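Below is one structure, written out as structure tokens; comments come after it.
Predicted model, so just to flag it, every value in this text is computed and none were measured.
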Amino acid sequence: MAAPWLWFAVRDTTPLLELVAVVLPLLAVVAVAALVALATRQRWYLVPAGSVALVATVAVVAPWVPRDLGQPADPGTTIVVANVLAGNGAAEAVVRDILDQDGDVVVVPEAPLAVHELLDDAYPYAFRAERRDPVLSVFARVPVTEPRFVGGLLDRTRQHRLEVHAPGGDFVLWAVHLARPWLTADGSHQMRPPGHARKLDAFLDAFAAEGDIPVVVAGDTNLTDRGRGYRKMTTRFEDAMRGTWGGPTARKWFLRPLLLRVDHVFVPEGWCADGARRFPLSGSDHRGVAARVGPCTASR
């Protein structure tokens, strides 16, 4: 039946459908199970059951299919995103997991103080809000200057705007830990769909205000790659993780059935990315992501 395929026509018409995108796999399982149960009496219900299953599979898997993003000009900049979890009790192990990725820039959306201190020892540049509780931290081995807080977005614990002086050229890094969309609001951590959409638009305006300077956005964006917000991001940026087969990065037990990929590295149009990968993080409820990015080689 054609009705389930209308999802692709309406999914961007209202911010409320962002929530549907989040829970889509669960909704599909419930719908298919109900239709299969009905098919024990009337077999024609198997047709819509198959249609719902196929729509859900396409919606979930299509953003995971890899495509060639070209090769960055050497040496490129390896960016790592690692949400280690605020309550991570395996600081030394998770720091080893991160250092094994050999990142030039590392974004840690929830950095307990013990993790921050260990990474601070390993990298010459480190940035963090003046707090002892777990907050967004950024580490770099390449020079980073001009940290600047941009008001009207999220608080200092969930955003950093930095200028990175990489061998392949300067760029602005926006390291973010965006709010998640949900039915209720909780400050910078969680927002209802309309407010969440407005906040994302405000971030997109801030990115655009950088002018001709290349902008890279990295962190736990809390944007499912099958959702409206993700597609708004990818109208302006390339998703560097599309260079490899995708898969979930949110591993909290009750989120695993939702198959959410919410940790991203976005690069400007005209940039390339290779070496994309997901990697395990000891003691965390996320997988880390990493990619080498930079201006494309002249041959592309």
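In this structure, CZ on Phe207 lies 11.5 Å from CZ on Arg161, to the nearest 0.5 angstrom. Annotation: the span from Leu223 atom CG to Leu200 atom CG amounts to 6.0 Å, rounded to 0.5 Å. One finds the CE atom of Met191 at 15.0 Å from the CG atom of Leu183 (value rounded to the nearest 0.5 Å). Of the inter-residue distances, the one linking Thr244 atom OG1 with Asp274 atom CG reads 11.0 Å to the nearest 0.5 angstrom.
Under the 3.5 Å distance criterion, the side-chain polar atoms of Gln159 are left unmatched by any main-chain donor or acceptor of Leu153. Between the side chain of His160 and the main chain of Trp174, no donor-acceptor pair closer than 3.5 Å is present. No donor-acceptor pair closer than 3.5 Å links the side chain of Ser284 to the backbone N or O of Leu281. Between the side chain of Thr221 and the backbone N or O of Val262, at least one donor-acceptor pair lies under 3.5 Å. In terms of modelled atom types and a separation under 3.5 Å, the side chain of Arg292 and the main chain of Pro75 share a donor-acceptor contact. Judged by distance alone, the side chain of Arg287 and the main-chain N or O of Asp263 form no donor-acceptor pair under 3.5 Å. Although no hydrogens or angles enter the test, the distance criterion places a donor-acceptor pair under 3.5 Å between the side chain of Asn88 and the main chain of Ser282. Within the 3.5 Å criterion, the main-chain N or O of Ala91 finds no donor-acceptor partner in the side chain of Arg96. Under the 3.5 Å distance criterion, the side-chain polar atoms of Arg277 are matched with a main-chain donor or acceptor of Gly275. Listed for the Arg131 side chain is no donor-acceptor partner under 3.5 Å among the backbone atoms of Pro134.
For the pair Arg242 and Asp225, the salt-bridge criterion is not met [side-chain N within less than 4.0 Å of a carboxylate O].
Linking Ile, Leu, Val, Met, Phe, Trp and Tyr whenever their side-chain heavy atoms come within less than 4.5 Å leaves Val293 and Ile213 in two separate clusters. Cluster membership check: Leu54 does not share its hydrophobic cluster with Val65, using side-chain heavy-atom separations under 4.5 Å among Ile, Leu, Val, Met, Phe, Trp and Tyr.
Separation of the Trp271 and Phe171 ring centroids falls under the 6.0 Å cut-off.
For Pro143, the side-chain contact (heavy atoms from CB on, under 4.5 Å) partners two or more places apart in sequence, or in a different chain, are Tyr125, His165. Shown here are the ring pair (Phe, Tyr, Trp, His ring centres under 6.0 Å) partners of His286, two or more places apart in sequence or in another chain: there are none. Judged as a salt bridge (charged side-chain N to carboxylate O under 4.0 Å, His left out), and not counting sequence neighbours, Arg158 has no contacts.
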Using distance only, find each side-chain donor-acceptor pair of residues 108-119 under 3.5 Å and give its atom names and separation, not counting sequence neighbours.
from, atom 1, to, atom 2, distance (Å)
Glu110, OE1, Ala86, N, 2.8
His116, ND1, Ser137, OG, 3.0

Going by atom type alone, with no hydrogens or angles, which donor-acceptor pairs under 3.5 Å involve a side-chain atom of residues 78-85 and a protein atom two or more places apart or on another chain?
from, atom 1, to, atom 2, distance (Å)
Asn83, OD1, Leu85, N, 3.2
Asn83, ND2, Asp220, OD2, 2.9

Under 3.5 Å, which donor-acceptor pairs do the side chains of residues 17-30 form with other protein atoms, sequence neighbours left out?
from, atom 1, to, atom 2, distance (Å)
Glu18, OE1, Arg228, N, 3.2
Glu18, OE1, Gly229, N, 2.8

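Taking the side chain as every heavy atom from C-beta outward, Leu154 and Leu178 approach each other to under 4.5 Å. The shortest side-chain heavy-atom distance between Phe8 and Val58 falls under the 4.5 Å cut-off. Residues Pro167 and Val142 have side chains in contact (heavy-atom distance under 4.5 Å, counting atoms from C-beta outward). Proximity of Met241 to Thr249: side-chain heavy atoms (C-beta onward) are nowhere separated by under 4.5 Å.
Counting all heavy atoms, side chain and backbone alike, Asn222 lies closest to Ala179 at CB-O, 3.6 Å. Closest approach of Arg278 to Gly247, counting heavy atoms only: NH1-C, 3.5 Å. Taking each heavy atom of Gly168 and Pro295 in turn, the nearest pair found is O-CG, 3.8 Å. The two residues Phe254 and Pro257 come nearest to each other via the heavy atoms O-CD, 3.7 Å. The two atoms that bring Ala240 and Leu69 nearest to each other are O-CD1, 3.6 Å, heavy atoms only. Contact detail for Pro268 and Val215: the closest heavy-atom pair is CD-O, 3.0 Å.
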- Evaluation steps, salt bridge (charged side-chain N to carboxylate O under 4.0 Å, His left out), between Arg251 and Asp285: CA-CA 5 Å; Arg251 300 181 63 251; Asp285 58 359; over 6 Å; no
- Message: Working note: Met233 + Phe203, criterion side-chain contact (heavy atoms from CB on, under 4.5 Å); need CA distance, chi angles, decisive distance, verdict.
- Response: CA-CA 10 Å; Met233 284 291 297; Phe203 268 99; over 6 Å; no
- Quick one: do Leu173 and Val105 satisfy side-chain contact (heavy atoms from CB on, under 4.5 Å)? Show the steps, please. CA-CA 9 Å; Leu173 171 70; Val105 178; 3.7 Å; yes
- Give the C-alpha distance, both sets of side-chain angles, the deciding distance and a yes or no for side-chain contact (heavy atoms from CB on, under 4.5 Å) between Val216 and Phe266. CA-CA 6 Å; Val216 174; Phe266 293 108; over 6 Å; no
- Message: Set out, in order, the CA-CA distance, both residues' side-chain angles and the distance that settles side-chain contact (heavy atoms from CB on, under 4.5 Å) for Arg236 and Glu269, then state yes or no.
- Response: CA-CA 7 Å; Arg236 302 194 190 181; Glu269 294 181 355; 5.7 Å; no
- Message: Applying salt bridge (charged side-chain N to carboxylate O under 4.0 Å, His left out) to Arg141 and Asp102, what does each step give before you reach the verdict?
- Response: CA-CA 10 Å; Arg141 66 160 58 113; Asp102 196 26; 3.0 Å; yes
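Of the listed residues (Asp201, Asp12, Asp205), just one forms a salt bridge (charged side-chain N to carboxylate O under 4.0 Å, His left out) with Lys232, and that residue is Asp201.
By the 30° and 60° cut-offs, the orientation of the rings of Phe139 relative to Tyr123 is tilted.
Counted within 6.0 Å of CD on Gln42, heavy atoms from surrounding residues, nucleotides or ligands total more than 12; the atom is thus considered enclosed. Heavy atoms from other residues, nucleotides or ligands lying under 6.0 Å from CH2 of Trp64 number more than 12.
Asp239 and Thr234 share no donor-acceptor pair across their side chains, judged by distance under 3.5 Å alone.
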